[in-house]
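Report on the following structure.
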Amino acid sequence: MPVHNSDIAEAFRRLADLLEIEGGNQYRVRAYRNAAATVEGLPHDAARMIEQGADLSELPGIGEDLAGKIETLIETGELPLLEEVEGRVPEGLAEITHVSGIGPKRAWKLYEELGIETIEALRKAAEAGEIRDIEGFGEKTEQNIIDALGRFEGGEKRLRLMDAEHIAEPLLDYVREIDGVKQAIIAGSYRRQKETVGDLDILVTAKRGSDVMDRFVKYDEVDEVVSKGETRSTVVLQSGFHVDLRVVAEVSYGAALFYFTGSKAHNIVVRKRAIDRGWKLNEYGLFEDNERIAGKTEEEVYEKLDLPFIPPLLRENRGEIEAAENGELPDLVQLDDIRGDLHCHTKWSDGKFTLREMAEAAKDKGYAFLGITDHSKSQTVAGGLSEDGLAKQIDEIDELNEELDGIRLLKGSEVDILENGKLDFSDNILAQLDYVICAIHGGFNLSREKQTERVLRAMDNKHFNILAHATGRLINERAPYEIDLDRIMTEAEDRGCFLELNAHPNRLDIDDARCKMARDMGLMVPIGTDAHSINGLETMRFGVAQAGRGWLEAKDVLNTRAPDELLKLMRR
DNA sequence: GCCGTTTTCGGCCCGACTGTTTTCAGTCG
């Protein structure tokens, strides 16, 4: 079994949990967690990096020891230290610390006093009223554990960004209308536009004496008030989503916005910069002794620390601090830079609108072009076109282009890559198109080697321009299929092909780390919405956000170009 | 366990809230 980065990260996290439970050095624990995050964020599998001669101990947060442990894990699939610790600490305790309100100390205490090793045992003990009698616990804690177990079962998984928006925007409107509220903004991973959001952090400035907290916890959708204080409250919504609201003074707004936007890793590095200068940075401001020297705006905080403003999309401690220091921050691609959409469907296959309707909608968005890419013949469930059908569509697009003013339809197709690596249309018809998007829509279970070969063979066809949604993942629904994207990207670059950034919020495929990799290797990225309706065109903003998280500038994105230049760039 | 243009040893982010205690530990973000 090949060991992937996610396996390494999981082993390290598990080890960190168990070490923490047995009261190990907290910094050692943190080192394992940091390393887990570092490994998880790598664009390549560590195994491959080692093969290619990389020295993992040069990675941030990974020294000689952890680099050695990673190698052992890759070679043997085992982590001896983890097995050793598992001999001392019951495995189930790690899971118990993931129940909200129970940390390492309480988990250990529950084990010592009542022998609790599993979630099930914890529930039984709590329901039997046995926990309240343990020193340091009480009736309320016991009830909180029961409540938390209920949520634990319900699964507190991260929401896709768009789903989070549907919850967040009305709530933000509600908060903004509370008497005395001046500013209200959602910070956290939501502001960083991560593909999934775990909870919401709402930051508010308000007049003194405003009853913002009382009103907040009375929001219609609040299911449970977890905590409520003067400056911070936490609620759980009926959807199971956690929301924090924090109130700060206006002089602290920038510092608090910085602080609550994160990421944690980014914050720690910036905070360290403050410490190096003999200052202190917290959510109330940047302080020299007890004097606030910055805090009203984020720009001010960064400036004092000799840094330009770093866009939230980049705040992941993936090199943005160094880039900022050197004046090399990317000038991130904006929605306005996008000149057209390269991936959409119409009534000709499984879309809901006609060519003309889609064209008009694209024109209304200010686009110069719209690429029509209906499905190919094997996609019978999606109304895939026959070759004759495609030929007719080509004619209709030509006619329509004569009529249309200010928008140009590009003739494309989303062609299936068959399991044998052949394309689902003949070269003859493909040659009549402006460009071709190729995609895998079935046969997800091939081995990594076969899947990779399948795509590379397809890429041998000169009409292959863009690989759509390269990993096939559906966020929260379907894992990516096994495929060697490193190799595919290298080969694509060699052959003049591209990998799409599919902007659909369920896909966002390729992901941000891959976008950054593409940028680093000089491979331009086309962003397509895969729209099946006029509304679907709106999801371009999710793609652009993801592109920004991947450090892409307008020059790195294919569809920031005018149609003629675009088609020239795609010519093989 | 990591890290270093003050340090190769001695630091490692820090404040809010809760619940159980009487002054604070545990948890969280």
Side-chain angles (χ1 to χ4, degrees), chain A residues 12 15-17 19-21 23-38 56-70 79 81 96-110 131-145 147-148 156 187-190 197-203 213 217 225-236 242-248 252 255-256 258-287 317 325:
Chain A
F12 282 174
L15 179 54
D17 284 349
L19 285 171
E20 192 175 34
I21 291 166
N25 180 321
Q26 56 170 314
Y27 300 108
R28 188 181 177 209
V29 170
R30 185 189 297 171
Y32 279 107
R33 295 207 171 115
N34 287 342
T38 296
L56 297 186
S57 71
E58 282 172 10
L59 295 169
I62 293 177
E64 294 297 325
D65 182 271
L66 286 177
K69 288 196 166 78
I70 292 172
L79 184 56
L81 179 60
I96 288 178
T97 64
H98 298 155
V99 175
S100 173
I102 300 184
K105 295 287 193 306
R106 284 179 180 162
W108 186 247
K109 187 100 180 164
L110 287 163
I131 287 176
R132 64 183 70 178
D133 297 329
I134 304 175
E135 189 194 352
F137 290 70
E139 273 186 54
K140 271 206 136 149
T141 303
E142 187 176 81
Q143 188 55 48
N144 285 343
I145 289 173
D147 294 345
E156 295 174 52
S189 54
Y190 187 85
V197 176
D199 60 14
L200 293 179
D201 299 292
I202 305 181
L203 181 66
M213 285 306 183
V217 300
V225 181
V226 178
S227 68
K228 178 166 172 277
E230 279 181 31
T231 66
R232 193 189 97 193
S233 296
T234 302
V235 301
V236 183
H242 285 230
V243 185
D244 275 9
L245 184 97
R246 332 238 179 179
V247 182
V248 296
S252 299
F258 164 80
Y259 188 90
F260 295 120
T261 295
S263 68
K264 206 171 178 177
H266 176 88
N267 284 6
I268 287 173
V269 179
V270 175
R271 188 192 298 272
K272 181 95 172 40
R273 257 179 113 79
I275 294 169
D276 290 345
R277 287 163 173 71
W279 302 334
K280 185 174 76 168
L281 176 61
N282 59 26
E283 59 263 56
Y284 301 110
L286 181 62
F287 295 89
N317 193 28
E325 271 177 344

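Every chain is numbered from 1, with letters handed out A, B, ... down the list of sequences. Computation of the quantities below employed the complete heavy-atom set of this structure, encompassing side-chain atoms and omitting hydrogens, waters and symmetry-equivalent molecules.
- Contact annotation: A:K69 reaches the phosphate of B:dG1 (side-chain N/O to OP1 or OP2, under 4.0 Å).
- As a whole-Å value, the separation of A:F258 CZ from B:dG29 P is 19 Å.
- Protein atom CD1 of A:I145 is 11 Å distant from nucleotide atom P of B:dC28, rounded to whole Å.
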*When every nucleotide of nucleotides 14-20 of chain B is labelled 5' to 3' by its protein contacts under 4.0 Å (heavy atoms), B for base, S for sugar-phosphate only, - for none, what sequence of letters results?*
BBBSSSS

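- Exactly one residue among A:D17, A:L19, A:L15 makes a side-chain contact (heavy atoms from CB on, under 4.5 Å) with A:V29. That residue is A:L19.
- Rounded to a whole angstrom, the distance from the C1' atom of B:dC17 to that of B:dT23 is 16 Å.
- Shortest non-hydrogen contact noted between A:G262 and A:N267 is CA-OD1, 3.5 Å.
- Proximity of A:Y32 to the phosphate of B:dG1: a side-chain N or O atom is located under 4.0 Å from OP1 or OP2.
- Rounded to a whole Å, the NE2 atom of A:H98 is 13 Å from the P atom of B:dT27.
- The line from OG of A:S189 to CG of A:L200 is 8.0 Å long, rounded to the nearest 0.5 Å.
- Not a single donor-acceptor contact under 3.5 angstrom links the side-chain atoms of A:D199 to the base of B:dG29.
- In this structure, A:I70 places its CD1 atom 12 Å from C1' of B:dG1, rounding to the nearest Å.
- Nucleotides B:dT20 and B:dT27 have their C1' atoms positioned 14 Å apart, rounded to a whole Å.
- Proximity note for A:K264 (side chain, C-beta onward) versus B:dC28, B:dG1, B:dG29: the nearest is B:dG29.
- Atom CE of A:M213 sits about 4.5 Å away from atom CG of A:L245, to the nearest 0.5 Å.
- Distance check, rounded to the nearest 0.5 Å: CG of A:N34 to CG of A:L66 gives 10.0 Å.
- Toward the 5' end of DNA chain B, the nearer of the two residues A:F260 and A:I268, judged by each one's closest nucleotide, is A:I268.
- Rounded to an integer number of Å, the gap from A:K105 NZ to B:dA25 C1' is 9 Å.
- Looking at A:E283, its side chain never comes within 3.5 Å of a backbone N or O of A:Y259 through a donor-acceptor pair.
- Looking at A:D201, its side chain never comes within 3.5 Å of a backbone N or O of A:D244 through a donor-acceptor pair.
- In this structure, the CD atom of A:Q26 is 10 Å from the P atom of B:dC12, given to the nearest Å.
- The CG atom of A:D276 sits 15 Å away from the P atom of B:dC3 (whole-angstrom rounding).
- The residue A:V99 sits close only to the backbone: its heavy atoms come under 4.0 Å of sugar-phosphate atoms, none of a base.
- A 3.5 Å limit on both hydrogen-bonding distances identifies no Watson-Crick or G-U partner for B:dT8.
- When the P atom of B:dG10 is taken as reference, atom CG of A:N25 falls 15 Å away, rounded to whole Å.
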